[in-house]
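Please read these numbers as outputs of a predicted model, since none were measured by experiment. Proteins come first, then strands; the chains are lettered A, B, ... in the order of their sequence lines, and each starts at number 1.
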Amino acid sequence: MTITGSWATMSAMKKYPFHEIETKWQRYWETNSTFRVTEDPSVPKEKRTYVLDMFPYPSGAGLHVGHPEGYTATDIYCRFLRMKGHQVLHPMGFDSFGLPAETYAIKTGTHPEITTKQNIVKFRQQIKRLGFSYDWDREISTHEADYYKWTQWIFLQLYKKDLAYVAEIPVWYCEALGTVLANEEIIQTSEGPRSEIGGHPVVRKPLRQWMLKITEYAERLLDDLEDLDWPESIKAMQRNWIGKSVGANVVFQVAHHNSTIEVYTTRPDTLFGATYMVLAPEHPLVAHITTDEQRNEVQSYIQKAALKSDLERTDLAKDKTGAFTGAFAINPVNGQEIPVWISDYILISYGTGAIMAVPGHDERDYAFATQFGLDIIRVVASHKDQDPAEPLEEAFADEGWVVNSGQFDGLTTAECKEKITLWLEQQGLGKKAINYKLRDWIFSRQRYWGEPIPLVIDEDGEIHPIPESELPLTLPAVESYKPAGTGESPLATVTDWVNTTLPDGRSGKRETNTMPQWAGSCWYYLRYLDPHNDKEFASRDKIDYWMPVDLYVGGQEHAVLHLLYSRFWHKVLYDIGVVNTTEPYLRLVNQGMITSYAYQRTDGTLVPIDEVRETAPGHWIEISTGLEVQQVIAKMSKSLKNVINPDDIIEEFGADSMRLYEMFMGPLRQSKPWNTQGLIGIHRFLDKVWRIAQKPLSEQKAPLELQRVLHKTIKKVGQDTENLDFNTAISQMMICTNEMNKLEVLHRDIWESFILCLAPYAPHLAEELWEMTGHTSTLAYEPFPDYDPALTIDDELEVVLQVNGKVRSKIMVVRGTGKDELERLARENTRIQEYLAQGTIVKVVAVPDRLVNFVITPSK
RNA sequence: GCGAGAGUGGUGAAAUUGGUAGACACGCUAGACUUAGGAUCUAGUGCCUUCGGGUUUAAGGGUUCGAGUCCCUUCUCUCGCACCA
């Protein structure tokens, strides 16, 4: 035998053959369609479970370690549920329309479909290497025509319900790239907003856009959050985004003018304190009411405001600016004439685009009034007996008692809001009003790589939806993926495609805008139910069988947009009677981000991971300078060289190690740093399990102590898996393994149950071990073992003996020993006697199975 | 500023109704074994200690026989929103 041969043999004995095992079982699952699922009517409703992962965008970079985290969590959960007798729907697919493929196409001329397909192949292969139990027969990709046919169909339903309309909306436009950019493609720099790609300047430009009336659903989107089992933080973010507020609309007459200004206010109770008004610079009334003397100033202010981005306008730190229109309005409650100003801190898109300014009780109005020397009066007292004439040093925006407000004096803020709103309604001067921050959804993109919007515009400019029978409206081949240069989509240059005939024979032009990436992901969970149906987007039977989604796991980055858009579409589908629930996702869990380490210099800058050296535990230096750097937690990034590639990990340690480590790192919902050293620990654990498996198998009953450990393990793993507390379940399996390792033989009764506990977590290894014990088919549907409650509790346990709350001794007692007996045993304890001798007992607390505490006062 | 959440060893983290703080793992120390490995096994490992004990869950206070856990105050960090009238 050669030396190398001997080494190879040694290492084969030491390292468990995870490569062979993992390839073998992945092939087995695939050829046997182990995880294919059908709608079996005999399965009761509560045993049908739909577990959904947020599907990935198949980027060229491939999978990163963040993807497998959520996917492993749901996979463990699904495998566990199957063993618990559930019918589990667990699909995967690809969110495959998107900008990177189009950007790449512009650069290289490669059709986005080609790169997308290649990336999907790569992603699918990477995902499969982790051994997830998806039903791959249900795989979908949003860019495929038989999928987006139904995305288009849903759009037509929205259009028919009058929820889609055209508007001129300011969007980000980049001259250098010749295209419109989405908000997320814009970065803020010290020189202003720039395109993420290339760093070119961008401007806001009004362009024709398709809009969806999500605002019509604002109230329901808000109300229905209540009953969802979602993280509070996500609900809060959605509430905040919808931004409901209740107040009143009040009409002000413009003095010496035949027009009125309507304002929205949440503080009608402060109406007497309104000393001026402010209109948004874009407000249509501005041109009408501006006096000749003020016209130049107002016009130049409007021009300046138009040049500013929303971000500059909304920069809180800047000083207030504005211009006086020369006009006055009449405060309806006291007939006083108040000046009308314009300012960019008033947004045309919110409320009525005009406000009554109450500088005494609003910080922004106060800042503006101080800037321009406008009147500030108090109409709210901070406490009941405050002098109404007491001047304000700053805006008092809290609630209080109404003063200087005529008939309303003495009321509380809340009472006054109600009374004054009623009074306004009676006088015909205003009414209660509700406002939302939520805006309608800009749904069109001037892009190629997205779903074409299935509409045709005739010569008269009238819009015609294309007949549903003609769907899908497919993307035409184009010569160039470059935008038209006019702000129109590349599709605008494809005249053959654009020019079409209407059913009545007249000619028309197709809509050349495409849908945003959100469109496909708005409803994909429905297509998984019935992915090959060419008659409907999904059959009602299948929707009724599975919906709603029981558990939805994904990253927090989709907290607002995707989840809100998706809920909106679902509600529309509910309203037209094609789905059975008002909400799509019952329970939502956000996995935490997987971060990495980086090193920080004393000046706060970061050093890439390969440019430092550890000199002592906890101490690192930058190699080039020799200066000490601190280890910090940072996001994974190419520049810091701290990105972990799942392929490398699987290659070196195996998929089971990867899966287990990501779950063992810490609680699922928490962010945690990747540490390859920790992964090695997990790998050792699996290696140990493999070594135990080599021990001779005994048919004899295992010793009682080991049975106890096993039953505790079954209980804990079961409960923890159900609650998605995977890290503690793994700890318990380690404890069990350590116990089993102490014996020379393997007891079948213990071993088989343990394998089944391990199976959801490390499925490849578990299948192999299961086969080694003589089973001939998969363990995927073996019942999860039951535990004997009697064996999960110890007959004897340790009870703590305390004196004045400090542990002084411990004794072993039989479980359930009574208080009196415990106290007697404690008093017999010599250590305790020593302490008791030092004082007088005032109180004795005895808690069975826990402790005895003597409270004593020291004797003099 | 507003909203949400979190602070526990050198590190990742555990801790049922308030009842032994630090399970499990990494790292470290010592030993065993070994043609030497990210190997295995054994023992130890919060901190201080005069080896009796003292002390310890961001800081301070409170409730309690007893607080990581409940209440109050402060500090720090993360995430989201941000002139929304």
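Per the geometry, CD belonging to Gln677(A) stands 15 Å off P belonging to rU11(B), to the nearest Å. Regarding Arg850(A), its CZ atom lies at a distance of 14 Å from the P atom of rA15(B), rounded to whole Å. For the pair Ile730(A) CD1 and rA13(B) C1', the interatomic distance rounds to 12 Å; values are reported in whole Å. We find that CE of Met237(A) is positioned 13 Å from P of rA4(B), with the value rounded to whole Å. Remark: P of rA6(B) and CE of Met593(A) are 17 Å apart, rounded to the nearest angstrom. Distance, Tyr761(A) OH to rC24(B) C1': 14 Å, rounded to whole Å. If you take CG of Leu686(A) and P of rG38(B), they are 18 Å apart, rounded to a whole angstrom. If you measure from atom OH of Tyr597(A) to atom P of rG12(B), you get 5 Å, rounded to the nearest angstrom.
Ion pairing between a basic and an acidic side chain is recognised when a charged N comes within 4.0 Å of a carboxylate O; Lys672(A) and Glu69(A) show such pairing.
Contact annotation: side chain of Gln802(A) to base of rG66(B), donor-acceptor pair absent below 3.5 Å. At a cut-off of 3.5 angstrom, counting only N and O atoms as typed in the model, there is a donor on one side and an acceptor on the other between the side-chain of Asn853(A) and the base of rC65(B).
Asn675(A) contributes a side-chain N or O that, together with a main-chain N or O of Gln677(A), makes up a donor-acceptor pair within less than 3.5 Å. At least one donor-acceptor pair under 3.5 Å links the side chain of Lys235(A) to the backbone N or O of Leu228(A). Counting only distance, with no hydrogens or angles, the side chain of Arg669(A) and the backbone of Pro667(A) share no donor-acceptor pair below 3.5 Å.
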Can I get a per-line list of side-chain donor-acceptor pairs under 3.5 Å for residues 556-565 of chain A, giving both atom names and the distance, sequence neighbours left out?
from, atom 1, to, atom 2, distance (Å)
His562(A), NE2, Tyr552(A), OH, 2.8

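Dashed line: the shortest gap from a side-chain N or O of Asn741(A) to OP1 or OP2 of rC41(B) is under 4.0 Å. The shortest distance between the side-chain N/O atoms of Gln670(A) and the OP1/OP2 oxygens of rA13(B) is below 4.0 Å. For Arg669(A) and rA4(B), the shortest distance from a side-chain N or O to OP1 or OP2 is not below 4.0 Å.
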* Can Met658(A) and Glu662(A) be said to form a side-chain contact (heavy atoms from CB on, under 4.5 Å), step by step? -> CA-CA 6 Å; Met658(A) 171 88 186; Glu662(A) 289 213 355; 3.1 Å; yes
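Just one residue in the list Thr265(A), Asp269(A), Thr270(A) forms a side chain to side chain donor-acceptor pair (under 3.5 Å) with Arg267(A), and that residue is Asp269(A). For the side chain to side chain contact (heavy atoms under 4.5 Å, CB included) with Arg827(A), the qualifying choice from Leu801(A), Val852(A), Ile841(A) is Ile841(A), the only one to do so.
Closest to the Ser731(A) side chain, of the nucleotides rA14(B), rC81(B), rA23(B), is rA23(B). Between rU16(B), rA13(B), rC65(B), one nucleotide has an atom nearer to the side chain of Pro667(A) than all others, and that is rA13(B). Considering only side-chain atoms of Asn738(A), the nucleotide from rG38(B), rC24(B), rC83(B) that sits closest is rC24(B). Taking the side chain of Val847(A) as heavy atoms from C-beta on, and the options rG19(B), rG38(B), rA23(B), the nearest nucleotide is rG19(B). Of the candidates rU20(B), rA39(B), rC83(B), rA39(B) carries the atom nearest the Arg684(A) side chain, counting heavy atoms from C-beta on.
Its glycosidic angle being more than 90° from 0, rG7(B) falls on the anti side. Its glycosidic angle being more than 90° from 0, rG68(B) falls on the anti side.
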* Asked: Could you write nucleotides 44-58 of chain B as a row of B, S and -, 5' to 3', where a protein heavy atom under 4.0 Å of any base atom gives B, of only sugar-phosphate atoms gives S, and otherwise -?
  -> ---------SSS---
